[in-house]
Amino acid sequence: MTPSPPSPQGFDPREPKAPKDPKKVPAEKAETRKTVAEAATAKKAAGKKAAGKKTTAAGKAVTKKAVTAKAATKKAVTAKAVAKKAVAKKAVAKKSVAKAVAKKAAPRGSAVRKSPVEPSAEPVEVALSPALDAVDRERLLHGTHHQPHAVLGAHPAPGGIVFRAFRPYALSVTVVTGDLRAELHDDGDGFFSGLLPLRETPAYRLVIAYEGAVQETEDPYRFLPTLGDLDLHLMGEGRHEELWTVLGAHPMTHQGVSGTRFCVWAPNARAVRLAGSFNFWDGIGYPMRSLGSSGVWELFVPGIGEGELYKFDITRPDGSRTQRADPMARRTEIPPATSSVVEASHYEWGDEEWLASRGERPAHEAPLSIYEVHLSSWRPGLTYRQLAEQLPAYVKELGFTHVELMPIAEHPFGGSWGYQVTGFYAPTARLGTPDDFRFLVDALHRAGIGVIMDWVPAHFPRDDWALAEFDGRTLYEHEDPLRAAHPDWGTLEFDYGRREVRNFLVANAVYWCEEFHIDGLRVDAVASMLYLDYSREPGQWRPNEHGGRENLDAVAFLQEMNATVYRRVPGVVTIAEESTAWDGVTRATHHRGPSGFGGLGFGLKWNMGWMHDSLQYMSHEPVYRRYHHGEMTFSMVYAYSENYVLPISHDEVVHGKKSLVSKMPGDWWQQRANLRAYLAYMWAHPGKQLLFMGQEFAQGTEWSEEHGPDWWLLDPAYGAQADHRGVRELVGDLNSVYRSTPALWERDTSADGFEWVVGDAADDNVLAFLRRDADGTPLLAVSHFSPVVRQDYRLGVPDDISAWCEVLNTDAGRYGGSGVLHPDPVKPEPQPWHGHPASVRLTLPPLSTVWLRPA
């Protein structure tokens, strides 16, 4: 939290005033302050005063000039005023106030002059006006006033317009409107007021004198609310799909004045004040107004704009106070600093061609191979813009269609990799500004690469400056403690049943897609959202209204999120990281399944079962793999139950799980051969592919966010660099052949796009199958997970293909293999085999995968 500047020790406006207290009202002045009745009586008795006549009131000598009425019918009365001439008593009192703020400069936000304002005319008479009543005064001083605009600013009153200002630490406050300049009476404790004989409330400015500086500024309390009834209605309904355009901080022009609108949802707060760099983190003079039952608090602050730091100073229901970062902040300070930053985008996109074409094919019918990246450690130390110079070129060289970014929303702890989010609407400031992140996305698009980002709506951390008990009570988290606390990560779960919370998250999903042109959202930890008993023992959870363990609120939220994103942003894809057998993750929301639920509406789902089983199989020594053959074939039992992604993600190469190549058995040659064969098997298997950074060149060590991939392994000066470059070259060729072969992706979700040739050759460690495109054109994939060469291995094939040519062989010498290849076309023989009318005889290289397609 940004610290507040030093303030006078022991200062409390509620305490009796001591001689040098900055908010003390001099006793002489207090004794002579006029009541409302006295002011009215004095004015009636005096009538019109002759020009130049001097009067004495309460120990002050003030020169007054009569206001001359003009002939215009609805014009405000104007008059030229002269500067104040304070008597010694007032000067001494004001000097006492100034001493208390000697260490504070005037707040920013307007022109500041170092000398007092010179008078431009004779002063207008300022009648004593009704000062704030004791209740309003105390509530403003103690941060519990919910309608400051009702008492501060300018308001019609008998005899004219009453002006009130609350400016702690000020020596004087003067109202300026047109040619009229009138100093308000000092009511003590930072309050100033005066009654001007005006017919209508004018546009006006305030001239505020501090010791050594004068500030001329607009009065925030003269402005109408910046939010309309429709916005408030949609928020109340939980249906504001562009929530980020109304909540948060927005530089804007309001009633002809430039400034920033601040809005925050805090329905349980007694009051909210605005603290920031523009008021030295002291929100006492910046109370926000409540916009009724919406729970929204609003304040338009003139004269401040982009780059200002701010937080919301919230008075909780119990009267205690807390300063909170803006949940809707679109930019933050660089962690560990926690303030929000006023932000407006000025980026001009150049990816129109990409956006126009990305929706031509549904994701499940298009080539989709994903390179997963942790931006902060891919090339440690690079900013978004520097990454834009390297990442697109590298990914394009490897041939991946998309990158998937681990969470880039702001998070306080780098070791969480972004999965404990505090700034859901702000790209992490560690790497640059939001527009810098837009630049990176744009660069990837212009290189022909889609951008998927990890999105984390399952939970949030407990930091006391963020979302946890935001306004003093449970708000974003569930009110039931058993449903609020996430048992695995020490975090809090969102209350998906609350309309405003669901709106916050649904709008957030849309925000990333619309404002940053994100092409897909991979939703983290979906399983933990769907089940009330997730990681909980009996007695630690309560059933739903039907007695089941399904989280019905979470189901409704995910359905709404997917439906809204697909409706608003055509061409995007949502991907669920869901590790259970939940029915219908990628089924349309309006189609009910056997369980009675509509589908969740995702486009794709991570196939965690395939990942676990296949890696388990590969970890065994080849001699034992025959006993685990089913681990490689079982995935085809359910391959078409959902639209799948095959993920080899960061989760599989950290925390003692070893890197991908290190999971493989055998010596270094065999480890790399196993890895190459496995990757080619994965690229041929039905489903889309995802590979985590560093695994594309057989990094031997686990990934660490502190140093990232071991790029030095590719350095020509390193003796074994050819071994690593060979694997990387294979990955590039896998992607190249994959993208040019529709049989490998066009019918990923259709059972007639796959056919086993042999799936039961456990003793041989062989798996062979056909993939077909929409026209029926096949590709033959053969994986041999044994370290021996098998000559003349017969495989059944269709009889309508005259010859097969090898398009990829992981045993090629340039990949680091032994070079057992099929350089010439392979012709089928009329001998039936494996249920097919013809067959081919192949030499199977050791620990390899071979792809063949019609010559």
Side-chain angles (χ1 to χ4, degrees), residues 367-372 395 397-402 404 607 610-619 622 625 631-632 635 644-650 652-653 658-666 668-700 703 709 713-714 723-739 741 744-745 748 765 767-769 771 779 781-787 806-818 844-851:
L368 187 66
S369 60
I370 304 167
Y371 183 61
E372 188 187 20
V395 176
E397 180 185 1
L398 286 174
F400 286 96
T401 65
H402 289 71
E404 180 178 315
N607 194 335
W610 172 89
M611 176 274 300
H612 180 271
D613 290 345
S614 63
L615 288 180
Q616 183 72 17
Y617 174 88
M618 293 303 299
S619 69
R625 285 174 176 168
E631 293 173 352
M632 292 296 266
S635 60
Y644 284 115
V645 174
L646 311 180
I648 302 299
S649 73
H650 64 277
E652 310 317 316
V653 295
K658 302 180 182 179
S659 70
L660 189 56
V661 72
S662 297
K663 295 176 188 289
M664 306 299 166
W668 176 232
W669 189 94
Q670 290 179 329
Q671 283 183 310
R672 288 181 291 118
N674 273 301
L675 173 61
R676 294 192 304 267
Y678 178 72
L679 290 175
Y681 164 78
M682 169 182 170
W683 253 252
H685 191 285
K688 312 307 179 183
Q689 294 76 39
L690 179 143
L691 187 65
F692 184 60
M693 65 183 195
Q695 312 316 303
E696 77 275 14
F697 58 83
Q699 174 174 315
W703 168 66
L713 295 172
L714 300 174
D723 296 344
H724 299 278
R725 286 191 177 275
V727 175
R728 193 178 76 165
E729 189 169 348
L730 170 68
V731 171
D733 287 349
L734 285 172
N735 279 321
S736 177
V737 177
Y738 169 78
R739 296 178 76 162
T741 308
L744 291 173
W745 45 262
D748 267 334
N765 297 344
L767 296 161
F769 50 83
R771 298 292 309 278
L779 177 136
V782 184
S783 292
H784 177 220
F785 294 112
S786 182
E806 186 176 86
V807 292
L808 186 136
N809 187 328
T810 65
D811 195 49
R814 60 199 181 96
Y815 303 145
S818 61
L844 302 186
L847 300 173
S848 64
T849 293
V850 178
W851 292 354

Side-chain contact test, heavy atoms from C-beta onward, threshold under 4.5 Å: evaluate it for [X] versus [Y] and give yes or no.
X      : Y      : result
Tyr617 : Tyr678 : no
Val645 : Asn607 : no
Leu675 : Leu660 : yes
Arg625 : Met618 : yes
Leu808 : Thr849 : no
Met611 : Ile648 : yes

> With no hydrogens and no angle check, do the side chains of Glu696 and Tyr371 hold a donor and an acceptor under 3.5 Å apart?
Replying inline: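 Tyr371 and Glu696 do have a side-chain donor-acceptor pair below 3.5 Å.
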
How close do [X] and [Y] get, heavy atom to heavy atom, and via which atoms?
X      : Y      : answer
Asn735 : Ser369 : OD1-OG, 2.9 Å
Ala684 : Leu744 : CA-CD2, 3.9 Å
Phe785 : Ala677 : CE2-CB, 3.8 Å

> Using 30° and 60° as the class limits, which term best fits the ring planes of Trp668 and His724: parallel, tilted or perpendicular?
Replying inline: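 Trp668 and His724: tilted rings.
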
> Hey, what do you get for CG (Leu767) to NE2 (His685), rounding to the nearest 0.5 Å?
Replying inline: 9.0 Å

State which residues pass side chain to side chain contact (heavy atoms under 4.5 Å, CB included) with [X]; sequence neighbours excluded, sorted by chain then number.
X      : result
His650 : Glu372, Met406, Trp417, Tyr419, Phe692, Trp703
Ser786 : Asn765, His784, Val788, Arg790
Gln670 : Asp667, Asn674, Pro787, Leu847

>> My understanding is that only residues two or more places apart in sequence, or in another chain, count here; which of them pass side chain to side chain donor-acceptor pair (under 3.5 Å) with Glu806?
In response: Asn809, His822

> How would you list all residue pairs meeting salt bridge (Lys or Arg N to Asp or Glu O under 4.0 Å) that involve residues 670-690, not counting sequence neighbours?
Replying inline: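 Sorted result for residues 670-690: Arg672-Asp723, Lys688-Asp748.
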
> Under 3.5 Å, is there a donor-acceptor pair between the side chain of Glu729 and the main chain of Val727?
Replying inline: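 Judged by distance alone, no pair lies under 3.5 Å.
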
> Counting distance only, does the side-chain N/O of Ser659 pair as donor-acceptor with the main-chain N or O of Gln699 below 3.5 Å?
Replying inline: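 Yes; at least one donor-acceptor contact below 3.5 Å.
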
> Taking only residues two or more places apart in sequence, or in another chain, which ones meet Asp613 in a salt bridge (charged side-chain N to carboxylate O under 4.0 Å, His left out)?
Replying inline: none

